[in-house]
Amino acid sequence: MITTQQNPAQMPLRFLKGVGPRREAIFNQLGIYTVSDLLSYYPFRYEDRRNFKKISEIKSDEHVLIKAVIKARNLKNTPYFRRRVKSIFEIALDDGTGLADCVWFNQHYLADSMKIGDTIIIYGKPILGGRRVKFNSPEREISSQQDSLNIGRVVGVYRLPAAFNQRFIRKIIHECLEIVGGKLSDSLPFHIRKKQCFENVIKSVWGIHFPIDLEDAKRARERFIFEELFFSQILVYLRKAKHRQQESVSLLANDKVIEKIKSNLNFTLTDSQLLAVDTISKDLSKSYPMHRLLQGDVGCGKTVVAAFAIALAADCGHQAAFMVPTEVLTYQHKESLEKIFSGLNFRIEILTSSLSAQKSKKIYEDLEGGKIDIIIGTHALIQEEVKFKSLAVAVIDEQHKFGVSQRALLPKKGIPSPHCLVMSATPIPRSLALSLYGDLDLSIIPELPKVRIPAETLWVKEDKRELMYDLIKKKLKEGRQAYIVYPVIEEGSSQDLLALEKMHENIQKKFIGFNVGTFHGRMKNDQKIKVVQDFKSGKTNILLATTVIEVGVSIDNAAVMVVENPERFGLAQLHQLRGRIRRATHKPHFILISKKELTEIAAKRLKIISSTDDGFKIAEEDLKLRGPGDFFGHLQHGLPLLKIANPLRDLEILGEARLCAHHVVESDPALNSSVHRSIREHLDFWFKQ
Ligand code: ADP
Ligand code: MG
């Protein structure tokens, strides 16, 4: 962000020449309210418009810059009834090597500024194929005009709504810079700029909008990328420092409990699970709250790791809360925890919004009275009525399914602050995770339990459906069960439900002798639980479901999943879906039946998903396909929006920024030192906004 000392930078845009209420409204839609906002509206690429091309050398339709003399001109007003084109202005150009024509529509005023014999500079995309090269509405500049913003230099190109053109935005930004350019105050301290070899803010802001050359633009961009990342990392470290100052209950690990849990498991923990458990136990013994992210691919076994933390709280006479995104998951987790904790005498209850008023009231009372050791619940856990006697551990599962503020509410229920474990199945590279969730410590479970049989992914087009159905039948006859996932656009519309019913009918006809159940988001919760139970017990062989099945449901015998119209799903979602069968006790088959005609990007996605089962790789590809804004939007919590930095692309700068930020906060957590004054002022300003 660019700020100034006294605040002309906070001036609203309407004070600029050429910005009236209409244009101001359009700027506002772009999130640009003040001069400072406008100056941080950076070009997304640059064009080098310094080198003239000879007309005779134009051989391709790439943008070119030419300088030529106007040989002829013609302004035609088209008849009144042809409303859309009111006027056509044409000129013929000669640069001594060849001739070119230019044409503009509805810009009759151009005629006043272009006379025969004038030398003019044109920038545009040539149209080849005719007798002469032609330009349709090229950018133009009379060659005698000094100090052009648009031609004869490196120009920035901005992302703009249709109502604005590049010339306009360059002019307005230039005007802004003339007014406030000299008064900008630098938010990066001098010593950091020096260390990173960055120019001061004044030079940089000119450089990013009106660079002398491409190198100048690059340096300026790097500075602003660094600046954004640096401040986001400063915030992250400040938050972390604040966590340390909070108080929490120190929970001491009881070896007997840990051994008991281990003996209750019918598997041995992997090394990374053991490491995570060990690290978490250490965190819990501290007198300040744990803030840890446990990251690992679907099916890697995060629940059991969380179970240790939960058990420690309960064993020490405190309470634990486990928040999950769906009701089905609450029941599933309760079942798992009861097994894991058998013999430990913990009272585990469920709280969801579908409990009767009477039952909920009882739960509220028992939680407040300390009679419940462990509560598993949905969003219902963060309602105001919920109070704990002594909440010591809060676990949030599938954190991406919760909003930022929802995640923050659960820990607030404990006084002093509870230890907090957040779980995520979005596997992103460590360095990236560190900076996005930098205020959280990070544990990663990088591998699936060895007992897992890798899923085989088959992608076919519709015409091979019958073949796939044969494969499913074979698997069903072997005793396995199958999911068929059906995309509905807007789950719950009556049209969708009808389509689902129709699908159910079709499937039932195809699979005579097998029972088909249906599962969708609009069903009542007790219905949902019954459908899952029927599937679990083997009463139904096939479960036709919408993507609500994506989170959580875990049935070991379900080894086949068919996804209809997989082209409609994102990569992460497909991988999550596949996660449902990756825990199967028999070789899992993941079958994608797509349309025949696919968009390029959809085909790419399906290719990726069928070529790898590695969640980290998939997340990385996903980032590339989706672009960072989309991806980071929901990951970043409470940090300023990144306008120019892309943490994935700018990994190296991120590393530097992180290091610098760490150094600043470690050496001066209150930012009191005079060398950090500009950082403090910048943050104050940001918080005020
Ligand atoms: P996720 O990380 O996706 O939440 P879960 O915790 O639900 O995964 O675990 C998936 C399944 O794997 C569960 O049935 C669990 O009992 C089992 N599991 C967990 N850890 C191991 C292990 N080390 N070896 C074998 N199975 C395991
Ligand atoms: Mg899980």
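Whatever order the structure lists ligands and atoms in, that order sets their numbers, starting from 1. For the single chain, residues carry numbers from 1 onward in sequence order.
- Lys474 and Asp470 are not joined by a salt bridge, as no carboxylate oxygen comes within less than 4.0 angstrom of a charged side-chain nitrogen.
- When the heavy-atom distances from atom 1 (P) of ligand 1 to Gly299, Ala307, Ser424 are ranked, the shortest goes to Gly299.
- Checking each of Lys387, Glu349, Gln319 against Leu367 for a side chain to side chain contact (heavy atoms under 4.5 Å, CB included) leaves exactly one that passes, namely Gln319.
- In terms of modelled atom types and a separation under 3.5 Å, the side chain of Gln273 and the main chain of Gly301 share a donor-acceptor contact.
- With a 4.0 Å cut-off on non-hydrogen atoms, Met423 does not touch ligand 1 at all.
- Every atom of ligand 1 is numbered from 1 in the order shown, and the set under 4.0 Å from a heavy atom of Val298 is 3 (O).
- Using a 4.0 Å cutoff on heavy atoms, Val305 does not count as a contact of ligand 1.
- A side chain to side chain contact (heavy atoms under 4.5 Å, CB included) with Thr457 is found for one member of Leu574, Ile591, Leu592, Val563 and no other, namely Leu592.
- For ligand 1, one of its N or O atoms has an N or O atom of Lys302 under 3.5 Å away.
- Salt-bridge annotation for Arg465 and Glu564: present, with a side-chain N of the basic residue lying under 4.0 Å from a carboxylate O of the acidic one.
- Distances from ligand 1 to the non-hydrogen atoms of Gly296 include no value under 4.0 Å.
- For the pairing with Ile310, the side chain to side chain contact (heavy atoms under 4.5 Å, CB included) check across Ile374, Thr303, Ile376, Val305 returns one residue only, Ile374.
- Which parts of ligand 1 touch Thr270 is read off a 4.0 Å heavy-atom cut-off, strictly below it: atoms 23 (N).
- Ionic pairing of Glu365 and Lys362 is not present here: no N-O contact between side-chain nitrogen and carboxylate oxygen is shorter than 4.0 angstrom.
- With a 4.0 Å heavy-atom cut-off, ligand 1 is reached by no atom of Leu265.
- Within ligand 1, the atoms closer than 4.0 Å to a non-hydrogen atom of Thr303 are 4 (O), 5 (P), 6 (O), 7 (O), numbered from 1 in the order shown.
- Phe514 and Gln508 get closest at one heavy-atom pair: O-NE2, 2.7 Å.
- Residue contacts with ligand 1 for Leu269 involve N, CA, C or O but no side-chain atom from C-beta outward (heavy atoms, distance under 4.0 Å).
- Listed by number with element, the atoms of ligand 1 under 4.0 angstrom from any heavy atom of Thr268 are 22 (C), 23 (N), 24 (N).
- Assignment of Cys300 to the shell around ligand 1 is supported, since a heavy atom sits closer than 4.0 Å.
- To the nearest 0.5 angstrom, Gln406 atom CD is 10.0 Å from Thr378 atom OG1.
- Nearest-residue assignment for atom 23 (N) of ligand 1 (options Gln273, Glu447, Gln332; heavy-atom criterion): Gln273.
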